[in-house]
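Please read the structure below before turning to the comments.
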Amino acid sequence: MVPDVGLVPIRLVKGNLSKVPPHVQQFIAKYVQICRPKGVFICDGSDEEAKEMTEKLVERGTLVKLESMDNCYLCRTDPADVARVESKTFTITREKFSTVPHVAPGVDGQLGRWMSPEDAEKELGSRLPGCMKGRVMYVIPFSMGPVGGPLSKPGIQLTDSNYVVLSMRIMTRVSGELFKVIGEQGEFVQCVHSIGAPRPVERKVINHWPCNPERIIISQFPDERKIVSYGSGYGGNSLLGKKCFALRIASCMARDEGWLAEHMLIMSATSPEGKEHFIAAAFPSACGKTNMAMLTPTLPGWKIKCVGDDIAWMRFDKDGRLRAINPEAGFFGVAPGTNTKTNPMAMATCSKNTIFTNVGMTSEGGVYWEGLEREVDPDVEVSGWLGDRKKIGDFKKSGIKAAHPNSRFCTPASQCPIIHPRWEDPEGFPIDAIIFGGRRPEGVPLVFESFDWNHGVLLGAALKSETTAAAEHKGKEIMHDPMAMRPFMGYNFGDYLRHWIDLNKPGRKMPKIFHVNWFRLDSNGSFLWPGYGDNIRVIDWICKRVDGQDNVAIESPIGYLPTEGSINMDGLNDSYRTPQNWQKLFSLPKDYWVEDVRETRQFLDSQVGIDLPTPIIKQMDLLQERIAQM
Ligand code: GTP
Ligand code: SPV
Ligand code: MN
């Protein structure tokens, strides 16, 4: 019962160490030694285990059962722990420039944060020792991608948060089987997570959510395939399979092994004629991936199936097709704005077996957030994420939000009514089109297509968007988010662009690359495009281009634009169908673009410097010339 590994015995609370391969036992023992938990709980991923843990958390008050829903729970965090903390996220490598590009002198690098191994040791050395005192260390064996699949990768997460355990078993495949897989394959990603609140706690615990926001650090060690995260229990900070592993560590694996780990949804679109296309799309956080991945088409005859809503792992197969899998098993989706009009499929998905975090709760035990005004009885009382009880209308009047803007649902992907029947196919799906997009209130047309692969890589590199609540940013400003990967890059962004460019090899069928913008505004501040289910109209055009239709596109300085009328507007309000509206959606104001390209060039020159690959510089030269001649 008490195998003695090293100096401190592993005191098992639950589980069976005999099934755990020796090198995993050593990993556990090392962190037991450092973190000093009162016991170790080896998870098996079973429903019984989850049920027991859930009951305990309800008893303690961390979770509230949502009485009017089916096996759904509400969690409210400490209001100081509500989003990813980019400023405290680091990549640790011996060589600085394997993590970050050579920025120009005096420039504050924005593409990744590097820390030396010595500094990391100091930072973690002042946090980890004894950090789990009085708490249980859970051992979570999980797989990103179907267990044992050729594109899949296993990990082990140690954590002192049972909320994290419950969330990880929705977001990843947690199973005791993984010990066998790891025993055979050897490799696994080491994930260590602590909320940084040993007992007795020093910081006042708010909402039964112990954490240590002042001392947060999220550290990735790509060379050791290791992650250590301290201080936060929320989202990408603590569910280490997601951004830390499946993007930051995996992008390094992908660089080494010749594939791609990207912040992209994966969907299939089947036309009325029955032709199925697969699309991957990269939008920055809170810019519409979940919505697009499961959109309900407003054009008759189209069918959308969802494969993934946040992360794509993609590799060229022997026939030269880029195949994508979704490494995740659940959706950790933005709640506000989600309703039966904008995203009915997400609403159906999260109607059962779901953990909601930082949303409001109705007095009947249902959920409420901004965007559900028309779907919840206005007379019902809602307790907001901060605990204040009001009628729905009174939240609006007082300007106080019922749900935090980054409140989320954590829900099994398998429950999505339009999940692709083969979504777990370990071989993945052949990608026909890659789309980049962001929130661009001005100047950027609804859709355009790159001239070729390298130009498409520039579209990704030049991606910008208005900031959102997914991280700690304040206010709305247009920020560069190249490839939607700025917060998730695992290595030097110049090398990353080179990797993308080098993928284009003879014999490969390269996906076409597009840029979309659902967020262009009219002069009165309203969206020029209805968005959501109507985005099928743009997908329809994209599929036509993938199928080689030449007559629907016309060359412009920034890429191929749709010819007027080639986007199907049937059934839209008349106001959307006027030539004036087309003009507003697709116009390319010269002054705007001259400045935009100048600014992009300055950003890439100063941020990526000598690491910027020549083909990208050439693409920028060409673009700048074309715009100058507009
Ligand atoms: P992460 O999970 O943070 O990576 O975000 P995401 O990219 O999956 O974004 P999501 O689909 O959750 O959308 C975020 C917000 O954008 C929600 O409030 C949506 O309602 C809104 N949104 C999504 N698609 C559209 C659209 O087509 N038009 C408009 N106007 N808003 C949209
Ligand atoms: C994002 O911010 O892009 C998310 C949410 O998908 S989190 O898991 O917190 O990173
Ligand atoms: Mn995301």
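For ligands, and for the atoms within them, numbers begin at 1 and follow the listed sequence. Nothing fancy with the numbering, it's 1 onward along the sequence.
Under 4.0 Å from ligand 1, not a single heavy atom of Thr342 appears.
Within the 4.0 Å heavy-atom cutoff, Met292 does not count among the residues contacting ligand 1. At least one heavy atom of Arg408 sits closer than 4.0 Å to an atom of ligand 2.
No other N/O/S atom of Asp310 lies as close to the Mn ion (ligand 3) as OD1 does.
Using a 4.0 Å cut-off to heavy atoms of Asp310, the atoms of ligand 1 that qualify are 4 (O). Close contacts of ligand 2 with Lys242, meaning ligand atoms under 4.0 Å from a residue heavy atom, involve 6 (O), 8 (O). Close approach of ligand 2 to Ser285 is summarised as follows: ligand atoms under 4.0 Å from at least one heavy atom of the residue are 1 (C), 2 (O), 3 (O). Close approach of ligand 2 to Asp310 (heavy-atom distance below 4.0 Å) involves ligand atoms 6 (O). Taking every non-hydrogen atom of Ala286 and a distance limit under 4.0 Å, the qualifying atoms of ligand 1 come out as 1 (P), 3 (O), 4 (O), 5 (O), 6 (P), 7 (O), 9 (O), 14 (C), 15 (C), 16 (O). For ligand 1, the atoms closer than 4.0 angstrom to any heavy atom of Arg439 are 15 (C), 16 (O), 21 (C). Numbered from 1 in the order shown, with element, the atoms of ligand 2 that lie under 4.0 Å from a heavy atom of Gly236 read 7 (S), 8 (O), 9 (O), 10 (O).
Remark: side-chain polar atoms of Thr342 are paired, donor with acceptor, to backbone N or O of Gly337 under 3.5 angstrom.
Remark: Lys226 qualifies as a cation-pi partner of Phe221 under the 6.0 Å distance and 45° angle criteria applied to the six-membered ring.
Between Phe436 and His515, the ring centre distance reaches or exceeds 6.0 Å. Proximity of the aromatic rings of Tyr163 and Trp209 is defined here by a centroid distance below 6.0 angstrom, and this criterion is met.
At a 3.5 angstrom cut-off on N or O pairs, Gly288 counts as close to ligand 1. Backbone and side-chain nitrogen or oxygen atoms of Asn291 are examined, and one is located within less than 3.5 angstrom of a nitrogen or oxygen of ligand 1. Considering backbone and side-chain N/O atoms, Asp309 never comes within less than 3.5 Å of an N/O atom of ligand 1.
Smallest separation of non-hydrogen atoms from Ile227 and Val189: CD1-CG1, 4.0 Å.
Using a 4.5 Å heavy-atom cutoff, the side chains of Met267 and Lys305 are not in contact.
Rounded to 10°, the angle formed at the Mn ion (ligand 3) by NE2 of His263 and NZ of Lys243 is 90°.
When distances to the Mn ion (ligand 3) are checked against a cut-off of 2.8 Å, Ile311 contributes no N, O or S atom below that limit.
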